[in-house]
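Structure, as structure tokens:
Position 1 is the first residue of the sequence, and the numbers go up from there.
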Amino acid sequence: MTCMRMTVLGCSGSVAGPDSAASGYLLTAPDTPPLVIDFGPGVLGALQRYADPGEVSILLSHLHADHCLDLPGLLVWRRYSPNPPEGRVPTYGPAGTAHRIGVASAEVPGEVDDVSDTLDVRTLTDGEPIRFGSLDIRPTRMHHPPEAYGFRITSDSRRILAYTGDTGMCDEVVELARGADVLLCEASWTHAPGERPEGVHLSGTEAGRVAALAGVGELLLTHIPPWTSREDVIAEAKAEYSGPVHAVTAGDVYRI
């Protein structure tokens, strides 16, 4: 029976925070290569506590800086560290991933680093499943300004982790989470009037509503920016959802 294990590498929303890197989650399972979901600023440093950066694969929800821009550091690790690993890094992401990371990694402004020596970039398609080791991963388009995906990850024992990535409230995020054992859900705002632009991120209230509508087993809140009150977000979610609610912190480990 496969047990997924998720280690929170970073969970600060929009920017790295004083106590956490930006978005990044290490997912491991038997007979499965280690997978890092999102790779925001500070994630590479945190990853070194738990896994060899030369051995991980990458899954990107979208190409906002706080979800992908520690990847140029991983290129340096793979290219120049002693005894660099052979082969290229399987890297799943939205259209334009190689160009986005290549621009960030280029040595000269206006040029694009050819990352194909290091990254084997594979483009995500809405609803098209990925078999990754013992895991089935189904990407679903979310409601966010760039091309953005949430992921429904199912182990061979039928345990389900749903990860929203970044999204505004939409039917798709509820369906993504439907019946999941664990919902890792961004909650960047409180629901106070005037505090948040519509359709960019979820509030604590909306995260709780998604969990309740989808009937999930446990709600894990993440992507809370340094300027948003964690306590208020947690309280909002608990007011909408009667199951277990936790706001994750860097270094937390969850077995799913």
Qualifying residue for side chain to side chain contact (heavy atoms under 4.5 Å, CB included) with F39, from L69, L47, T91: L47
Ring pair (Phe, Tyr, Trp, His ring centres under 6.0 Å) contacts in which one or both residues fall within residues 82-101, not counting sequence neighbours: none
Positive for ring pair (Phe, Tyr, Trp, His ring centres under 6.0 Å) with H201, one of H64, H191, H144: H144
Carboxylate-amine/guanidinium contact E206 R209, below 4.0 Å: no
Atom pair OG1 (T167) and NE2 (H223), whose distance is rounded to the nearest 0.5 Å: 11.5 Å
Co-membership, hydrophobic cluster, residues L219 and Y254, 4.5 Å side-chain: no
Same apolar cluster: L183 and Y163, side chain cutoff 4.5 Å: no
Results of side-chain contact (heavy atoms from CB on, under 4.5 Å) for A247 - residues two or more places apart only: L221, I224, R230, I234
Heavy-atom neighbours of R158 CZ exceed 12 at 6.0 Å: no
Which donor-acceptor pairs under 3.5 Å do side chains of residues 52-63 form with protein atoms, sequence neighbours excluded?
residue : atom : partner : partner atom : Å
D52     : OD1  : G54     : N            : 2.8
S61     : OG   : D38     : OD1          : 3.1
S61     : OG   : D38     : OD2          : 2.9
H62     : NE2  : D166    : OD2          : 3.4

Set of side-chain contact (heavy atoms from CB on, under 4.5 Å) partners for A212, sequence neighbours left out: Y241
Listed partners of E236 passing salt bridge (Lys or Arg N to Asp or Glu O under 4.0 Å), at least two apart: none
Test applied, side chain to side chain contact (heavy atoms under 4.5 Å, CB included); reference residue, P226; option that passes from S20, S12, S14: S12
Check: T222/Y25 side-chain N/O donor and acceptor closer than 3.5 Å: yes
Path from L35 to F151 over hydrophobic side-chain contacts below 4.5 Å: yes
Residues that R152 engages under salt bridge (Lys or Arg N to Asp or Glu O under 4.0 Å), provided they are two or more places apart: none
ILVMFWY cluster membership beyond Y80 - transitive side-chain contacts under 4.5 angstrom: V76
Set of residues satisfying side-chain contact (heavy atoms from CB on, under 4.5 Å) with respect to D120, sequence neighbours excluded: R88, R122
Transitive ILVMFWY cluster of V200, excluding itself - 4.5 Å side-chain cut-off: none
Common cluster, I153/L26, ILVMFWY with side-chain heavy-atom separation under 4.5 Å: no
Results of salt bridge (Lys or Arg N to Asp or Glu O under 4.0 Å) for E231 - residues two or more places apart only: none
Partner residues of Y149 under the ring-ring contact (aromatic ring centres under 6.0 Å, His included) criterion, sequence neighbours left out: none
D181, V216, V182, I256 screened by side chain to side chain contact (heavy atoms under 4.5 Å, CB included) with I160, the one that passes: D181
Same apolar cluster: V103 and I101, side chain cutoff 4.5 Å: no
Any residue meeting salt bridge (Lys or Arg N to Asp or Glu O under 4.0 Å) with R79, in chain and number order, not counting sequence neighbours: D113, D117
